[in-house]
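The block underneath contains the structure these notes are about, expressed in structure tokens.
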Amino acid sequence: MLRAGGALGAAAVIAVAAGCSSNSSPGNSASTSSPVTVGLLFPYSGPAASYGALFNKAVQAGMDVVKDKYGTSVTLKTVQEDSQNTAQGATTAMTALASVDNAEVVLSSGTAPGLAAMPIAKRYGIPLINGSAVD
């Protein structure tokens, strides 16, 4: 359980770095950038809801690392959608992250939710990072 949470925290840092590099232009020395919207596709209801809470803590830890390292030059914004830890729930949630929340990168967990979200992420050109220890 802790290993998966740590992986998600690390994934958040990697995702942010990838998202930020697309927001910056060569020679741009501005001290702030537009926020990077990180979608969280985790189970927030049902039997696996405790994992959603754990993964949120891991993402917050990753965001704290980014803030400590980059200060205000990187601004992160998270948006959450409930995967319900099911393929059907993840399909609905990923569609909302892509079309309503405008997530630039999405962190997910679990095999069925990750596989269900993948075609939607591809369609919208959104990097999808599944931090689950078994995926």
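Any value given below was found using the heavy atoms of this structure, including those in side chains, with hydrogens, waters and symmetry copies removed.
With values rounded to the nearest 0.5 angstrom, T92 atom OG1 is found 10.5 Å from L41 atom CG. Note that CE of M63 is 9.5 Å distant from OG1 of T75, once rounded to the nearest 0.5 Å. A distance of 7.0 Å separates OG1 in T111 from CG in N130, rounded to the nearest 0.5 Å. In this structure, CE in M94 is found 9.5 Å from OG in S99, a value given to the nearest 0.5 Å.
Heavy-atom minimum distance, A48 versus N85: CB-ND2, 3.7 Å.
Exactly one of V36, T37, V59 qualifies for a side-chain contact (heavy atoms from CB on, under 4.5 Å) with L76. That residue is V36.
Transitive grouping of hydrophobic side chains (ILVMFWY, heavy atoms separated by less than 4.5 Å) brings V74 and L107 into a common cluster.
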Quick one: side chains of residues 114-127, donor-acceptor pairs under 3.5 Å with protein atoms, not counting sequence neighbours, listed by atom name and distance.
none

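Summarising the local packing, CD of Q60 is surrounded by more than 12 heavy atoms from other residues, nucleotides or ligands at distances under 6.0 Å.
Legend: residues meeting side-chain contact (heavy atoms from CB on, under 4.5 Å) with N56, ordered by chain and number and at least two apart, are L40, F42, Y44, Q80.
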